[in-house]
Amino acid sequence: MAAAEPKSPAGSAAARRLARGCWSAFWDYETPKVIVVKNRRLGIVYRAVQLLILLYFVWYVFIVQKSYQDSETGPESSVITKVKGITLSEHKVWDVEEYVKPPEGGSVFSIITRIEVTPFQTLGTCAESMRVSNATCHSDEDCVAGQLDMLGNGLRTGRCVPYYHGSSKTCEVSGWCPVEDGASVSQFLGTMAPNFTILIKNSIHYPKFQFSKGNIENGKDGYLKHCTFHEVSDLYCPIFKLGYIVQQAGENFTELAHTGGVIGVIINWDCDLDLSASECNPKYSFRRLDPKHIPASSGYNFRFAKYYKINGSITRTLIKAYGIRVDVIVHGQVREVQPDSHHH
């Protein structure tokens with residue numbers, strides 16, 4: 001049986017050095033070496049950076065953002081609206097039931113301020129509108145029978161007929177006649193419209209904090225019957241005049257009433273629940289939402305018809321309505337250090 005080979009002296013020495021190094025690392029105490037650079041400019045920059053970092057955390061993180069608080073955004077919200085007022089046009093008196101669409105009182109509604117009326121339309125044949133592409137003609141050969149233009153007013157009969165006024169001719173169509181452009185009459189309803197009042201009832205709820213609040217003053221009987229909104233004295237009287245809303249949005253009422261437009265009423269609930277509930281108040285702002293400087297997409301109008309029978313035949317009045325659409329938008333945020341389940 002062969003004898004075991006003796007260990008190498010070099011290997012033993014290496015093992016002893018490793019052991020001494022381990023014990024030295026365990027018992028020895030080390031400190032970092034500090035170099036003091038005597039440069040005033042560099043020192044000022046160094047301290048300025050430290051100060052900026054400190055200010056960021058103290059001012060922005062804790063004071064502005066209040067990151068030490070828990071928060072919740074996007075409240076559950078309910079909006080109910082009601083418009084009141086009467087106005088005049090060239091031919092009649094208009095009340096709320098006629099100029100507010102839709103009548104349900106939701107967060108989005110339209111107040112009609114100008115109409116173009118095409119009365120006594122019946123199903124028949126008549127000249128197509130000159131605004132429709134390829135509607136003008138010189139003879140029947142220019143009109144294709146059975147052709148249907150999606151932007152037109154009916155099915156073409158193949159005949160070329162005189163237009164409603166002037167010496168021009170257009171292709172005849174089968175549909176509701178006369179067409180809108182040929183016999184419409186414009187009526188302006190905006191004379192009294194700036195004095196219309198709009199009640200905007202808003203209730204919000206933050207489920208995380210079980211916090212709820214509304215924008216109407218509690219405990220004052222009959223208060224809403226004689227108040228109008230004022231940012232300081234009547235903050236909890238959400239009754240706004242339409243003229244006030246348009247003015248606050250920076251718009252000219254007469255111009256807006258003629259062309260139509262969309263106005264946003266923004267209600268912001270930004271509340272700190274560590275303070276009293278009376279400090280949580282709605283903030284209102286107003287701005288125009290449709291791009292008025294882009295002609296193709298500015299303004300607001302829609303069409304509807306009223307149907308009735310004359311001598312047994314169905315007749316309708318077509319109305320193209322221009323108006324001010326009001327969009328009530330609610331958003332906000334609440335903050336609190338420790339949520340309290342007893343908010344109400």
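The model shown is predicted, which means the values in this text are computed figures rather than measured ones.
Under a cut-off of 6.0 angstrom, the local environment of CD1 in Ile86 is sparse, with at most 12 non-hydrogen atoms contributed by other residues, nucleotides or ligands. Annotation: Glu90, atom CD; neighbour count of heavy atoms from other residues, nucleotides and ligands within 6.0 Å is above 12.
Under the 4.5 angstrom side-chain criterion for Ile, Leu, Val, Met, Phe, Trp and Tyr, the cluster partners of Ile216 are Leu199, Tyr223, Leu224, Ile239. Other residues sharing the hydrophobic cluster of Leu155, ordered by chain and number and joined by side-chain separations under 4.5 Å: Leu148, Met150.
The side-chain heavy atoms of Leu189 and Ile112, taken from C-beta on, include a pair separated by under 4.5 Å. By the 4.5 Å heavy-atom criterion applied to side chains, Ser133 and Leu151 are not counted as neighbours. Side chains of Val49 and Arg47 form no contact here, defined as non-hydrogen atoms less than 4.5 Å apart. Using a 4.5 Å heavy-atom cutoff, the side chains of Tyr164 and Asp181 are not in contact.
Applying the side-chain hydrogen bond (donor to acceptor under 3.5 Å, both in side chains) test to residues at least two apart or on different chains, none of the pairs has a partner in residues 136-146. Contacts classified as disulfide (SG to SG under 2.5 Å) and involving residues 79-126 (residues at least two apart or in different chains) are given here: Cys126-Cys177. Judged as a ring-ring contact (aromatic ring centres under 6.0 Å, His included), the pairs with a partner in residues 99-125 (not counting sequence neighbours) are, in order, Tyr99-Phe196.
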When the side chains of residues 322-332 are checked against the rest of the protein, which donor-acceptor pairs come out under 3.5 Å, sequence neighbours left out?
unit_1	atom_1	unit_2	atom_2	d
Tyr322	OH	Lys320	NZ	3.1
Arg325	NE	Asp327	OD1	3.0
Arg325	NH2	Asp327	OD2	2.8
His331	ND1	Asn268	OD1	3.3

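By the salt bridge (Lys or Arg N to Asp or Glu O under 4.0 Å) test, Glu98 is found to be paired with Lys92, residues two or more places apart in sequence or in another chain being considered. Among residues two or more places apart in sequence or in another chain, the ring-ring contact (aromatic ring centres under 6.0 Å, His included) test is passed with Tyr307 by Trp176. Lys292 is linked by a salt bridge (Lys or Arg N to Asp or Glu O under 4.0 Å) to Glu251, counting only residues two or more places apart in sequence or in another chain. Not counting sequence neighbours, Phe253 has no partner by the ring-ring contact (aromatic ring centres under 6.0 Å, His included) test. Scanning for salt bridge (Lys or Arg N to Asp or Glu O under 4.0 Å) contacts around Arg303 gives Glu180, with sequence neighbours left out. In terms of the ring-ring contact (aromatic ring centres under 6.0 Å, His included) criterion, residue partners of Tyr284 (sequence neighbours excluded) are, by chain and number, Phe229, Phe240.
A cation-pi arrangement is present between Lys101 and Phe304, with the terminal nitrogen or guanidinium carbon under 6.0 Å from the aromatic centre and inside a 45° cone about the axis.
Between the side chain of Asn252 and the backbone N or O of Glu255, at least one donor-acceptor pair lies under 3.5 Å. Here the side chain of Thr170 pairs no donor or acceptor atom with the backbone of Ala135 at under 3.5 angstrom.
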Val179/Glu128 under side-chain contact (heavy atoms from CB on, under 4.5 Å): CA gap, chis, key distance, verdict: CA-CA 7 Å; Val179 298; Glu128 176 62 287; 4.2 Å; yes

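Disulfide check for Cys171/Cys143 passes, with the SG atoms closer than 2.5 Å.
Between the side chains of Ser77 and Asn202, at least one donor N or O lies within less than 3.5 Å of an accepting N or O.
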